[in-house]
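Shown next, in structure tokens, is the structure this report addresses.
Sequence lines set the chain letters: A, B, ... in the order given, protein chains first and strands last, and positions in each chain run from 1.
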Amino acid sequence: MTGESKAPRPSRRVRRQAVLQIASILLVAAGWEIAGRIPISPTFPTFLDTARAIVAMLADGSLPLALAITLVPLGIGIVVSALLGVAAGVAMGLERRVEWLGLPLFIVLQAAPLAALIPLVILAYGIGITTKVIIVCIMAMPVIVLNSFKAVRHAPASLIEMGCAFLGTQRQLILKVILPAAAPVIFAGLRLGVASGFIGAVLAEILITPTGIGDIITYNQSIAEYPAMYGAIASIIAVSVAFIKVLEWGEVRFFRPEKKGT
Amino acid sequence: MAAVESAALAPATGAPQPVVEVRSVSKFYGGGVHALDAVSLEFREGQLTSLLGPSGCGKTTLLKIVAGLIPADGGEVRVKGRSVAGPGPERSFVFQDFALLPWATVLRNAAFGLELRGVPRTRREAVAAAQIAKVGLGGFEHKYPHELSGGMRQRVGLARALAIEADIILMDEPFSAVDEQTRRKFQEDLLELIARERKTFIFVTHSIEEAVYVSDRIALLTPRPGRVSQVIDVAVPRGADRDAIRRHPVYLDMVESIWGGLKQYVE
């Protein structure tokens, strides 16, 4: 009985949420369409033209192929940054000496305009995939490291004290108390890092050698095929959002079950 | 020397023997704060002893030194005749802010002490479930802390402390973060618990009424540096009617006289 009376409420909430989220996307699309029809710039295509360009590129296979090419250095870079970055940040958070050693480096890296390093990386590693992976890493790593560090350093003292009072070993305290407590902020860092990594990947493809999505963007820009250029940009944004959503799911699924359904 | 004496004397006497002994324990904090000054106290088996005093008298510090969570700068803590320097399996702690893992269910939180000790999952969950039922939270095993009220959260903290079957339960202002009605219920339940389990309770509170209501003995601490000014044996008769205690003349007189003694330290 009570289950029945309660049931419609969440589903109505979910439906209202979905309606508003779709409305938000439609509003942006409508604004884009209007801006494209005025047009605010001769190089700014309408939403519908861009959508048609995306469909065309999907149909002839050029867009999926380009995304696949872009995702190789991007994927490697993000996985390396996530593993090394979280490990470095956690180590810095747990051990003062590692903090003093590593923190200045990553604060400088986070403050530096990293795109300026790209020519140096090209000089050192050429124009191959290594360079692109390194650029993704230097974009993604600092924010991942610094968030992991702060998350571990600010793990609630009372929970750590509780773990000590109940005879937790150092290892148990780290695995069962500190890391789960730090997970939300570590994941926030991973989301920001993934977003920066996408910027790095596209930047590398535009600035070094036009491949993948960067190739579609620069090529279509040079032949004034603006809908296709915008379509490529929109598609890489969509992939980035999907990536971040998968991360959010993983966080709730494996680390913070209490956030399920909130 | 003293250790040998007390160990030899204890079985002979009929009075409850001291399970925990604090011997001239001192504590200094950075910046020259003298938190505790040569505090000596005994805590007897099967009794609840309160550490009572105004804020800043170091009562929580003393409790955490007994728990082994902070080191003393002088003196020693003996548990069952052995000098201790860290936490141990015979001592269990109930925290003022509950200290529950927000990502763990009530069941896992209550079983967490056993989990850290490596007790297999099915066994520790059975023990925890029994304690959860005892503290009146049956049916909430699979809820998360944020879904519970403050009072219910502290019941989880209590279940966790009881699940490890320690002989000594240390409670740091356990009811200060719950509302007045819940607090009264907690105090009544605590009397049941003391009567039922033969455990030694050390209880920190800043409430005179609470101390007189739940304690067998009260150690009054003076502020900065914390010293024991008086140890009072509480002689309030505790009949079946728990509410009658609060109206009993002995209860009221004792609250009055403790307040008279503490008044001078309250600015």
For atom CD of B/E180, decide whether the heavy atoms of other residues, nucleotides or ligands shown that lie under 6.0 angstrom number more than 12. yes
Step through the shown structure and confirm whether more than 12 heavy atoms of other residues, nucleotides or ligands are within 6.0 Å of CZ on B/R117. yes
Would you find more than 12 non-hydrogen atoms of other residues, nucleotides or ligands less than 6.0 Å from A/Q172 atom CD? yes
Under a 4.5 Å cut-off applied to non-hydrogen side-chain atoms, are B/R160 and A/F166 in contact? yes
Considering residues, nucleotides and ligands other than A/R97, do more than 12 of their heavy atoms fall under 6.0 Å from its CZ? no
Atom SG in A/C164, atom CD1 in B/I70: separation rounded to 0.5 Å? 12.0 Å
What residue in B/L114, B/L100, B/L170, B/T105 has the most heavy-atom pairs under 4.5 Å with chain A? B/L100
Please look at B/E115 and chain A and tell me whether the side chain, the backbone, both or neither of the residue comes under 4.5 angstrom of a heavy atom of that chain. both
Taking side chain as everything from C-beta outward and backbone as N, CA, C, O, which of these in A/A181 sits under 4.5 Å from a heavy atom of chain B? Side chain, backbone, both or neither. both
Between A/S158 and B/A99, which heavy-atom pair has the shortest distance, and what is it? O-CB, 3.9 Å
Which of B/Q96, B/K64, B/K143 touches chain A most, by non-hydrogen pairs under 4.5 Å: B/K64
Testing the basics here: between B/W103 and A/V177, what is the closest heavy-atom pair and its distance to 0.1 Å? CH2-O, 3.3 Å
Heavy-atom distance under 4.5 Å to chain A: side chain of B/F95, backbone, both or neither? side chain
Give me the atom names and distance for the closest heavy-atom approach of B/L101 to A/M162. CD2-CE, 3.7 Å
How long is the gap from CG on A/L159 to CG on B/D97, to the nearest 0.5 Å? 7.5 Å
If you count heavy-atom pairs under 4.5 Å between each of B/P145, B/G113, B/G88 and chain A, which one has the most? B/G88
Who wins among A/P180, A/A183, A/P156, A/A165 for the most heavy-atom pairs under 4.5 Å with chain B? A/P180
Per-residue contact mode, B/F112 against chain A (heavy atom under 4.5 angstrom): side chain
Considering only heavy atoms and a distance below 4.5 Å, find which of B/G68, B/P89, B/A67 pairs most often with chain A. B/P89
